[in-house]
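Working notes for the structure below.
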Amino acid sequence: QVQLVESGGGLVQAGGSLRLSCAASGRSFSYSMGWFRQAPGKEREFVAVAATIWSGDTTVYADSVKCRFTISRDNAKNSVYLQMNSLTPEDTAVYSCAARTRLGNPIFRVSSDVDYWGQGTQVAVSP
């Protein structure tokens with residue numbers, strides 16, 4: 001079993017930056033770790049994922065954040081990070097850390113591919 005704990009959320013002005021962190025604990029190896037978000041009144045959506053594969057680590061981003069967010073993973077610390085720049089009010093949401101431990105394609109893009117979830121951290125961006 002894997003437990004995920006997020007931190008780094010908060011309130012920022014438009015154009016500002018935040019860095020989210022997620023620490024994982026447990027014996028199961030996470031082939032991938034990443035982030036989803038859910039805004040008020042909207043469905044949960046994929047944000048970014050970092051996958052560990054034989055050829056190295058691979059990152060994938062949603063189109064809406066591709067040019068502004070950067071995901072990174074530190075396997076030695078069992079952590080994943082999300083650097084968020086040029087934030088807009090549309091980025092306001094609860095951001096949840098996610099991990100996949102099942103074999104197969106480690107690059108998840110939908111909730112059904114995720115094995116473990118963090119509790120979420122609130123990100124609010126004012127105009």
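FYI, side chains are in, hydrogens and waters are out, and symmetry mates aren't considered; it's all heavy atoms of this structure. We number each residue from 1, following the sequence as shown.
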message: Checking side chain to side chain contact (heavy atoms under 4.5 Å, CB included) between Val123 and each of Leu11, Leu20, Leu82, Thr92, which is the one that passes?
response: Leu20
- prompt: Taking only residues two or more places apart in sequence or in another chain, which ones pass side chain to side chain donor-acceptor pair (under 3.5 Å) with Arg73?
  reply: Thr52, Asn75
field: Heavy atoms of other groups near Gln119 CD, more than 12 under 6.0 Å
entry: no
query: What are the two closest non-hydrogen atoms of Met33 and Phe108, and how far apart are they?
result: C-CZ, 3.9 Å
message: If you compare all heavy atoms of Leu87 against all heavy atoms of Val12, which two are closest, and at what distance to 0.1 Å?
response: CD1-CG2, 3.6 Å
query: Do the side chains of Trp35 and Cys97 get nearer than 4.5 Å, heavy atoms only?
result: yes
message: Test your reading of the model: is there a side-chain donor-acceptor pair from Glu45 to the backbone of Arg37, 3.5 Å cut-off?
response: no
message: Within the supplied structure, the quantity of interest is the number of heavy atoms (other residues, nucleotides, ligands) at a distance under 6.0 Å from Gln83 CD; does it exceed 12?
response: yes
query: Quick one: ring-ring contact (aromatic ring centres under 6.0 Å, His included) partners of Phe46, sequence neighbours excluded?
result: Phe36
- request: Applying side chain to side chain donor-acceptor pair (under 3.5 Å) between Arg68 and each of Asn85, Thr88, Asp91, report the one that passes.
  value: Asp91
field: Contact summary for Ser111 and Arg44, nearest pair of heavy atoms
entry: OG-CD, 3.4 Å
- request: Provide the full list of ring-ring contact (aromatic ring centres under 6.0 Å, His included) pairs with a residue in residues 56-84, sequence neighbours left out, each pair given once.
  value: none
message: For residues Tyr116 and Ile71: do they belong to one hydrophobic cluster (side chain heavy atoms under 4.5 Å, members Ile, Leu, Val, Met, Phe, Trp, Tyr)?
response: yes
